[in-house]
Amino acid sequence: MTKAPPSGAADRSPKAPPSGAADHSNSAPPWWRSAVVYQVYIRSFADGDGDGIGDIAGLRSRLPYLAGLGVDALWITPWYLSPMRDGGYDVADFRTIDPSFGTLPDARAAIAEAHRLGLRVLLDLVPNHVSDQHPWFREALAAGPAGSRSAERARFIFRDGRGPAGTEPPNDWRSNFGGSAWTRVTEADGRPGQWYLHLFAPQQPDLDWTNPEVREEFVAIMRFWFELGVDGFRIDVAHGLAKAEGLPDASGVVPPPVAGKRVEHPHWDRDEVHEIYRTWRALADEYEDPKVFVGEAWVHSPERLARYVRADELHTAFNFDFPVTPWQAERMRSSIDATLRTHRAVGAAPTWVLSNHDTVREVSRYARPQGVGPLLKLDDVLALPADPSRGLRRARAAALLMLALPGGAYIYQGEELGLPEVEDLPDDVLRDPGWELSGHTARGRDGCRVPIPWSGPAPPFGFSPPGARVPPWLPQPASWRELTVAAETGDEGSTLELYRRALALRHEHPALGDGELRWLPAPAGALAFAREPGFACIVNVSAGAVAVPPGTRVLIASGPLTARHRVPQDTAVWVAVGAREETPT
Ligand code: NOJ
């Protein structure tokens with residue numbers, strides 16, 4: 001059954017019609033090719049009921065803020081029933097809201113309110129695995145050992161162990177959080193039994209995507225939420241659903257995103273996965289206002305990523321080559337070129353991402369020496385010297401670069417405030433499963449998940465309502481009093497006002513969003529490109545001060561220009577080309 005698009009959206013943009021204002025003319029490119037999507041990590045966004053955990057009530061109260069910021073859509077991280085062993089990416093029931101976040105009527109109201117404000121809504125679909133508390137997994141456990149070939153176990157990847165007594169895992173695959181990717185179950189009769197696969201925590205058993213029942217269930221889940229009005233899904237671990245037949249050992253094959261020659265891996269980025277997305281695309285296209293997917297696929301190269309966004313597969317995919325690229329002009333330019341070239345070849349719109357709830361925040365990455373290695377994990381950066389003000393300068397310049405590039409962009413909550421990673425959370429508050437599963441060697445991702453500071457001079461900084469019973473689930477640094485939404489609002493030099501101005505300009509300017517770019521000559525260490533009509537972006541990564549091109553007018557700058565009206569290091573500007581020349585002051 002197809003469904004009419006949600007109604008009542010206010011029209012905020014001449015270029016991208018919001019929900020309820022679907023443009024059916026052939027000429028207008030679809031909204032998602034240019035969309036700026038704001039990632040709501042719901043547990044840390046806004047707490048409506050005072051239990052220290054973000055929730056739907058909190059999100060609803062802050063929707064006007066998001067509409068005012070100027071984004072086009074929200075991606076809400078999993079809000080489904082979950083034991084929260086992995087921040088909700090361990091789903092026990094995809095059709096029920098976790099009580100810590102609210103209820104299904106709350107979710108329905110949030111979606112409708114977002115639409116009324118002109119914001120599209122994407123949810124997070126977690127198809128690779130479920131929670132060990134999901135009824136399917138409980139049934140699978142109850143079905144053994146006699147039921148080792150049962151329909152209940154066939155939804156997952158259960159195998160006998162290796163060795164005479166089956167005491168060795170079925171293969172050498174490693175969990176993403178550390179240790180073996182296999183756990184042995186104790187059967188109902190108390191004896192050690194089969195092993196099940198979990199590419200993540202043991203509480204996240206992998207589903208078997210060769211099983212038609214699994215496929216049908218996920219189509220039904222998507223339809224459930226589509227009927228409730230959501231505009232699409234972010235696909236968790238989109239590169240992991242297909243496993244090599246026979247489950248061969250990985251034998252040291254390096255998983256993505258390590259750049260270099262790709263060697264076929266037994267469970268990451270396998271060609272068989274694409275057939276699943278073709279069926280999903282057909283489902284999305286059934287709707288009058290077609291639904292949309294963005295894939296989370298960590299792959300070796302932009303070429304491999306482009307395979308996920310072929311015309312009959314996912315609409316978009318996160319471009320993680322961008323955040324893993326160091327703040328170095330040549331490296332950035334070649335990453336941008338590779339992304340544009342590979343996406344153009346399949347007719348897809350690129351996306352640009354600086355960070356998310358799994359990576360170190362870019363302010364802290366860019367504060368470190370660049371080009372020394374990957375800086376995505378906290379443990380990558382902790383040992384390196386930091387220059388925080390430089391990190392913020394670069395992050396602000398990167399924001400202008402990202403928002404000027406062709407395609408769509410993602411903003412992770414707090415990015416618009418210039419929040420740094422919280423690098424010194426005490427051991428006893430860490431909740432990332434990687435902390436325990438690595439034997440306390442990997443500090444994990446909690447430092448980018450600290451609750452958002454909204455207002456006031458001290459924690460909880462308006463994250464929880466006045467008189468809240470419990471402090472925020474992760475402690476906020478006292479220094480964040482200068483980084484609250486209230487403190488930054490109206491301060492022309494703040495990162496929040498930079499994002500607001502940039503997003504407003506992006507909506508107004510016909511050159512921005514989907515389209516092409518043309519590189520302009522620039523000194524070594526700088527990037528300059530034009531977009532038509534009449535726009536250019538200059539990013540000074542590491543050159544001496546760079547001249548603003550003659551015959552142009554500065555629209556916005558990520559930091560102060562020099563006294564001679566030049567762009568200093570770690571600064572970006574947008575200029576109107578063909579406008580009245582601005583004379584140096
Ligand atoms: C990717 C999600 O972004 C991450 O937070 C989660 O731990 C894994 N997938 C497993 O679902």
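For ligands, and for the atoms within them, numbers begin at 1 and follow the listed sequence. Every heavy atom of this structure was used, including side-chain atoms; hydrogens, water molecules and symmetry mates were not.
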- Message: Closer than 4.0 angstrom, basic N to acidic O: yes or no for Asp206 and Lys243?
- Response: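 Looking at Asp206 and Lys243, the cut-off is met.
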- May I ask you to say whether Arg281 pairs ionically with Glu313, meaning some side-chain N is under 4.0 Å from a carboxylate O?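 Salt bridge flag = no for Glu313 with Arg281.
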- Task: Assess Arg234 for proximity to ligand 1: is some non-hydrogen atom of it under 4.0 Å away?
- Result: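 Within the 4.0 Å threshold, so yes.
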- Task: Decide whether the shortest distance between a heavy atom of His198 and an atom of ligand 1 is less than 4.0 Å.
- Result: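 The answer is no, since His198 has no heavy atom less than 4.0 Å from ligand 1.
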Distance to 0.1 Å, residue and atom name: give those for the protein heavy atom nearest to [atom].
atom: atom 8 (C) of ligand 1; value: Phe200 CE2, 3.8 Å
atom: atom 6 (C) of ligand 1; value: Asp86 OD2, 3.3 Å
atom: atom 1 (C) of ligand 1; value: Asp236 OD1, 2.8 Å
atom: atom 3 (O) of ligand 1; value: Asp358 OD2, 2.5 Å

- Would you check if the distance from the ring center of Phe318 to the ring center of Trp298 is below 6.0 Å?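 For Phe318 and Trp298, the ring centres are not under 6.0 Å apart.
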- Tell me the salt bridge (Lys or Arg N to Asp or Glu O under 4.0 Å) pairs involving residues 295-305, sequence neighbours left out?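 Passing the test, one end in residues 295-305: Arg234-Glu296, Asp269-Arg304, Asp271-Arg304, Glu303-Arg341.
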- Task: Could you list the atoms of ligand 1 found under 4.0 angstrom from a heavy atom of Arg445?
- Result: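 Matching atoms, with element in brackets: 4 (C), 5 (O), 6 (C), 7 (O).
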- Testing Phe226, Trp225, Trp280 for ring pair (Phe, Tyr, Trp, His ring centres under 6.0 Å) with Phe233, which one passes?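 It is Phe226; the other options fail the test.
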